There are 2 protein chains.
Amino acid sequence: MTVDRDQVLRTAAALLSRKATATMDEVARAAGIGRATLHRHFAGRHSLVKALEDLGIKEFEAALEAARLDDGTAEDALRRLIAEVEPAAPLLAFLVTENQLFEGDQMHEGWNRLDARVSALFRRGQEQGEFRIDLTPAWLTEALYGLVGAGAWSVQEGRVAAKDFQYMIAELLLGGARRSVEQ
Amino acid sequence: MTVDRDQVLRTAAALLSRKATATMDEVARAAGIGRATLHRHFAGRHSLVKALEDLGIKEFEAALEAARLDDGTAEDALRRLIAEVEPAAPLLAFLVTENQLFEGDQMHEGWNRLDARVSALFRRGQEQGEFRIDLTPAWLTEALYGLVGAGAWSVQEGRVAAKDFQYMIAELLLGGARRSVEQ
DNA sequence: CCCACATGAGACATTCGTGTCTCATGTGGG
DNA sequence: CCCACATGAGACACGAATGTCTCATGTGGG
């Protein structure tokens, strides 16, 4: 009977990441609830977007914790991160795409902190000789976001099987498309 | 004096890809023109988006031609494609992100055709033993789009130098972040 | 079994973006 | 030098989306 706030937010993220101009009514329908109910839980579009932002940052932060980025090889840590991030992928795709939230160069401080942690992982990998040093940590971070978004959309549209999500992203990000001699 | 239609569209793409809900007024300001002038050149938001779609598809098609995807190794062809696509990257980022254009499962037929050509390149690479076969052509295609978008945004926000755009994308997509033994 | 409460549907006023118009300005070409 | 014309600014009406409200419904807990 009571609305599942979490499920509403995930549905909204999936919709809004592909159609940012969707109306509140469309969001409500997509979540299977009435527009009035949506308004009761989120006082207006701004509030909804803010909730998406908060949930996305919270889940990404939890994924960063769960992945234990400082343990083991950087590669293993990155694979763990991708695995942990998967459930939040549509949410992440929305946040990465829509940085209208961060208007006026007043980027969300929480986001910067998370950014720094991902970047630090890539830097660690470089310092330990695991990762290439000609691709900057900043780019690898952005690329990870881009691939997570692309993966979420591909799964959403059935172009990639959901079970392959982690593998496709991790393998491409780490090994690339080229067939290596060592395989 | 006269408006540079092309420049307006590129500015609009850069803005709308990051803030899809931007108003016509914001688009006009970003392009450095008045709202009335924007309306004189594009009769309404729908018309503007359509123009962006048309220009994006046209430029991507031209890039595909110029890259001669069937010539030489698949890797070289892919590098050429990335190089040719660079000027249209913000436009592509907009198109990939905003598939609200293709509402009601009536996806733009032109886009499907272009998709197929990129996908065919990856398939050729696999058949010739250049590319890994465990990453599907569909995923590699989506990943290319995702990385082009991430690259365009990174350059736009100064996180990656414009001169590194091609290199960063091509190297990551082909070789990945892992330091290979052959280097 | 009944009541409290959350929901869905819909009415309503308001806000905001849109699309059209006019008019003054200024520039570029003839 | 002057005129034609594109532009910028702003006024205006319209329409769509928003935000608030009421009321009927149905469910879940006590």
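Because the structure is predicted, anything quoted here is derived from the model rather than measured. First the proteins, then the strands, lettered A, B, ... as listed; each starts at 1.
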Subject >> 4.5 Å side-chain heavy-atom contact, A:Val118 and A:Tyr145 >> reply: yes
Original post:
A:Glu26 has an atom CD; how far is it from atom P of D:dA16, in whole Å?
Top reply: 14 Å
Original post:
For A:Pro87 and A:Ala83, which heavy atoms make the closest approach, and how far apart are they?
Top reply: CD-O, 3.8 Å
Original post:
Any ion pair linking A:Glu109 and A:Arg113 (charged N to carboxylate O, less than 4.0 Å)?
Top reply: no
**OP:** Indicate yes or no: does A:Glu130 engage A:Arg124 in a salt bridge with an N to O separation below 4.0 Å.
**Re:** no
Subject >> Atom pair distance, as rounded to whole Å: CD in A:Gln7 and P in C:dT7 >> reply: 12 Å
Subject >> Side chain of B:Met24 - closest among C:dG8, C:dT18, D:dT18 >> reply: C:dT18
**OP:** Side chain of A:Arg40 only, please: which of C:dA11, D:dT22, D:dT7 is the nearest?
**Re:** D:dT22
Original post:
The side chain of B:Arg45 lies closest to which of these nucleotides: C:dA11, C:dT18, C:dT7?
Top reply: C:dT18
Original post:
Nearest-Å distance, CG (A:Asp25) to C1' (D:dG15)?
Top reply: 16 Å
**OP:** Please tell me which of the listed nucleotides, D:dT7, C:dT20, D:dT18, lies nearest to the side chain of A:His39?
**Re:** D:dT18
Subject >> Salt bridge present between A:Glu53 and A:Lys58 (N-O < 4.0 angstrom) >> reply: no
**OP:** Measure from the side chain of A:Thr37, starting at C-beta and using heavy atoms only, and say which of C:dG8, D:dT7, C:dC21 lies closest.
**Re:** C:dG8
Original post:
Think B:Arg18 forms a cation-pi with B:Trp153, using NZ or CZ under 6.0 Å from the six-ring centre and within 45 degrees of its axis?
Top reply: yes
Original post:
Is it true that a side-chain atom of A:Arg179 and a backbone atom of B:Phe131 form a donor plus acceptor pair closer than 3.5 Å?
Top reply: no
Original post:
Would you say a side-chain N or O of B:His41 is under 4.0 Å from OP1 or OP2 of D:dT7?
Top reply: yes
Original post:
Base, sugar-phosphate alone, or nothing: which one does B:His46 contact when heavy atoms must sit under 4.0 Å apart?
Top reply: nothing
**OP:** Return the nearest nucleotide to the side chain of A:Ile33; candidates are D:dG8, D:dT18, C:dG8.
**Re:** C:dG8
**OP:** Spell out yes or no: do the side chain of B:Arg35 and the base of D:dG10 have one donor N/O and one acceptor N/O closer than 3.5 Å?
**Re:** no
Original post:
With Watson-Crick and G-U wobble geometry limited to distances under 3.5 Å, how should the secondary structure of DNA chain C be encoded in dot-bracket form, using | for bases paired to another strand and [ ] for crossing pairs?
Top reply: ||||||||||||||||||||||||||||||
Original post:
Rounded to whole angstrom units, what separation is found between the CG atom of B:Leu38 and the P atom of D:dG8?
Top reply: 10 Å
Subject >> Which residue lies more 5' along DNA chain D, comparing A:Gly44 with B:Arg29 via nearest heavy atoms >> reply: B:Arg29
